[in-house]
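Report on the structure given below.
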Amino acid sequence: MCGIVGIVGRSHVNQTLYDGLTVLQHRGQDAAGIVTCDQDKLYLRKDNGMVRDVFRSRHMRRLMGNMGIGHVRYPTAGSSSSAEAQPFYVNSPYGITLAHNGNLTNAAQIGEDLYKTDLRHINTNSDSEVLLNIFAHELQRLGKLVPTEEDIFTAVSAVHARCRGAYAVVAMITGYGIVGFRDPNGIRPVCFGERETEDGPEYMIASESVALQAMGFDLIRDIAPGEAVYITIDGQLFTRDCAPNADYRPCIFEHVYLARPDSIMDGISVYKARLRMGERLAAKIKRVWPDHDVDVVIPIPDTSRTSALQLAYNLGVKFREGFIKNRYIGRTFIMPGQNERKKSVRQKLNAIGLEFQGKNVLLVDDSIVRGTTCNQIIEMARDAGAKKVYFASAAPPVCYPNVYGIDMPAAKELIAHGRSVEEIQRLIGADWLVYQDLEDLIAASREGNPEIDQFDCSVFNGEYITGDINDGYLEQLEAARNDSAKKQKVTQLAVNSESIDLHNAN
């Protein structure tokens with residue numbers, strides 16, 4: 001999961017890019033990068049860390065130009081090397097930089113083809129660099145000294161023909177413009193908007209509409225599956241459908257957990273979708289447990305708050321804030337190692353005892369991934385004096401790994417993989433556990449945009465919509481994502497860092 005942004009403005013865009021990435025910080029807290037273009041010169045700054053830490057005043061002063069792209073990143077499969085911070089750059093043709101959100105499921109095969117057939121070298125393990133080189137190669141094959149919008153769209157069409165998986169992309173062609181495009185299934189989100197100035201229109205591409213809104217841009221629409229948007233350096237806008245067999249299937253987990261509630265994504269208000277999740281979950285509780293004895297509904301901050309509020313209202317039960325969150329601790333499902341995750345949960349949340357003492361409490365979370373977090377939170381609720389602790393998930397059981405750009409754990413580390421609800425209930429220590437039904441989750445999102453017939457629900461049903469995921473791929477993914485592999489990578493990064501420090505000291 002990452003956040004991308006691209007801007008073609010009428011004056012320097014460095015501050016707007018910085019502010020846009022800050023709004024998208026929830027999509028990636030591992031690394032950040034910005035590259036700007038001033039006539040035919042590029043200026044790049046990227047490194048590990050939060051946006052506020054990567055960019056200092058001296059860096060911002062160097063990021064000159066009226067056109068640029070930016071990226072915030074989560075680590076992939078435990079990696080947090082600054083070498084994989086984006087945007088990436090290739091000098092031929094024209095000088096192209098690219099930032100990407102998603103995952104190419106055929107990256108290994110394409111990477112080999114790039115070397116053997118296209119004679120291009122890949123310097124990192126990032127599929128984003130693979131994607132960049134494919135786009136650059138397809139553009140170079142056209143042999144134009146000055147690329148036109150037709151050339152851009154032809155190259156994007158060739159990218160769609162070669163790439164499988166999920167990808168939302170912004171790419172900047174030095175001196176010419178910015179292009180944004182989306183995979184033919186529209187799995188990962190991206191939208192674009194316009195802002196009027198005295199000197200003419202400015203355009204912005206971003207992962208979520210909230211970034212446009214915060215920067216004063218009006219949302220035009222989401223980029224459609226397989227579509228490309230090209231904005232020239234002088235502010236001309238061109239769009240084209242570049243995939244003949246596009247099939248709209250956006251990732252429903254964006255609505256559950258990833259996106260900000262104030263975003264409009266694929267025409268769907270994330271906030272309203274989460275309200276409807278709460279309504280439908282409340283209806284299920286009434287149906288399966290009509291004589292419940294819940295005294296109070298308490299959300300696990302922050303993502304579940306909207307669903308929990310509506311659930312409490314529909315149940316006719318008090319809604320209370322029972323946990324205070326330390327906002328400086330990262331999301332725990334991506335952390336390597338059980339000990340690290342357990343420690344992080346205790347640091348991240350603190351219970352307000354008055355809301356728990358002597359009560360039957362229904363805790364509501366957006367989803368349950370490993371189960372580590374909810375197990376610890378249930379213990380905290382009991383320690384705070386709760387009489388009984390019930391648990392509700394606004395999403396169905398997460399049973400399968402994500403292959404489309406969310407670094408979820410290996411299947412065997414998912415608590416719901418191969419287990420019944422009763423078994424999960426015992427493992428997390430709840431007195432009762434209820435999950436949202438998948439059909440209700442889909443209905444809650446689809447109500448916001450009936451034109452979307454299907455969603456990518458692979459983490460819930462194991463149906464990988466690109467059709468190229470087999471047991472061998474999942475085995476390789478598990479080898480990269482399990483806790484031991486992540487610990488090994490973290491250890492190696494520490495060793496490499498120490499070696500660099502010693503070298504510098506000598």
Side-chain angles (χ1 to χ4, degrees), residues 1-10 13-24 27-28 32-37 65-73 86-88 96-102 128 131-132 135 149 152-153 155-156 159 166-174 176-183 186-197 201-242 250 254 259-260 263-267 405:
M1 184 181 73
C2 302
I4 58 174
V5 62
I7 300 174
V8 176
R10 300 291 175 172
V13 296
N14 52 353
Q15 188 64 51
T16 308
L17 286 167
Y18 175 96
D19 293 340
L21 290 182
T22 301
V23 173
L24 296 174
R27 299 190 67 86
I34 290 174
V35 59
T36 58
C37 178
N66 73 314
M67 181 170 69
I69 63 175
H71 186 265
V72 287
R73 171 183 182 270
Q86 298 181 38
F88 286 116
I96 302 175
T97 49
L98 179 143
H100 159 233
N101 175 33
S128 302
L131 188 54
L132 167 60
F135 178 62
E149 65 274 13
I152 303 299
F153 296 142
V156 173
V159 170
Y167 47 93
V169 175
V170 286
M172 182 167 64
I173 305 170
T174 305
Y176 294 106
I178 285 178
V179 57
F181 58 93
R182 193 177 186 188
D183 69 81
I187 300 173
R188 297 264 68 84
V190 62
C191 58
F192 66 106
E194 180 180 6
R195 180 174 67 182
E196 289 293 337
T197 72
E202 298 179 321
Y203 293 96
M204 180 174 179
I205 300 169
S207 292
E208 296 186 32
S209 65
V210 65
L212 305 179
Q213 181 183 13
M215 299 302 106
F217 286 78
D218 295 322
L219 174 66
I220 296 176
R221 58 180 173 84
D222 296 274
I223 297 178
E227 185 184 26
V229 173
Y230 178 52
I231 307 156
T232 65
I233 196 168
D234 58 354
Q236 298 182 70
L237 173 68
F238 302 93
T239 66
R240 178 76 54 83
D241 291 328
C242 298
E254 291 277 356
R260 274 182 47 157
S263 283
I264 306 295
M265 192 167 283
D266 297 302

Between [atom1] on residue [X] and [atom2] on residue [Y], distance to nearest 0.5 Å:
{"X": "T16", "Y": "I34", "atom1": "OG1", "atom2": "CD1", "answer": "10.0 Å"}
{"X": "I152", "Y": "I231", "atom1": "CD1", "atom2": "CD1", "answer": "12.0 Å"}
{"X": "C191", "Y": "I205", "atom1": "SG", "atom2": "CD1", "answer": "9.5 Å"}
{"X": "I7", "Y": "M67", "atom1": "CD1", "atom2": "CE", "answer": "12.0 Å"}
{"X": "D19", "Y": "N14", "atom1": "CG", "atom2": "CG", "answer": "9.5 Å"}
{"X": "I187", "Y": "N101", "atom1": "CD1", "atom2": "CG", "answer": "11.0 Å"}

Looking at T36, V35, I96, which one forms a side chain to side chain contact (heavy atoms under 4.5 Å, CB included) with M172? V35
Which pair of non-hydrogen atoms, one from [X] and one from [Y], has the smallest distance, and what is that distance?
{"X": "G186", "Y": "P225", "result": "N-CB, 3.7 Å"}
{"X": "T97", "Y": "P87", "result": "CB-CB, 4.5 Å"}
{"X": "V13", "Y": "G68", "result": "CG2-N, 3.8 Å"}
{"X": "L21", "Y": "G70", "result": "CD2-C, 3.7 Å"}
{"X": "A214", "Y": "V23", "result": "CB-CG2, 3.8 Å"}
{"X": "C2", "Y": "S207", "result": "O-OG, 4.0 Å"}

Can you sort out the partners of [X] under side chain to side chain donor-acceptor pair (under 3.5 Å), two or more places apart, ordered by chain and number?
{"X": "E254", "value": "R27, R188"}
{"X": "D218", "value": "none"}
{"X": "S263", "value": "E208"}

Report yes if some heavy atom in the side chain of [X] is under 4.5 Å from a heavy atom in the side chain of [Y]; otherwise report no.
{"X": "V159", "Y": "V169", "answer": "no"}
{"X": "F192", "Y": "R221", "answer": "yes"}
{"X": "I69", "Y": "I4", "answer": "no"}
{"X": "Y203", "Y": "I220", "answer": "yes"}
{"X": "V8", "Y": "T232", "answer": "no"}

Would you mind checking if E202 and R10 are paired as a salt bridge, meaning a charged N to carboxylate O distance below 4.0 Å? no
Evaluation steps, side chain to side chain contact (heavy atoms under 4.5 Å, CB included), between Q86 and L132: CA-CA 11 Å; Q86 298 181 38; L132 167 60; over 6 Å; no
Using modelled atom types and a 3.5 Å cut-off, is there a donor and acceptor pairing between side-chain atoms of [X] and backbone atoms of [Y]?
{"X": "R195", "Y": "M215", "answer": "yes"}
{"X": "S128", "Y": "A99", "answer": "no"}
{"X": "S209", "Y": "I264", "answer": "yes"}
{"X": "D183", "Y": "A166", "answer": "no"}

Can you label the angle between the Y230 ring and the F153 ring as parallel, tilted or perpendicular, going by 30° and 60°? perpendicular
Decide yes or no on side chain to side chain contact (heavy atoms under 4.5 Å, CB included) for M204 and V5, but give the supporting numbers first. CA-CA 7 Å; M204 180 174 179; V5 62; 3.3 Å; yes
Within 6.0 Å of CD in E194, more than 12 heavy atoms from elsewhere: yes
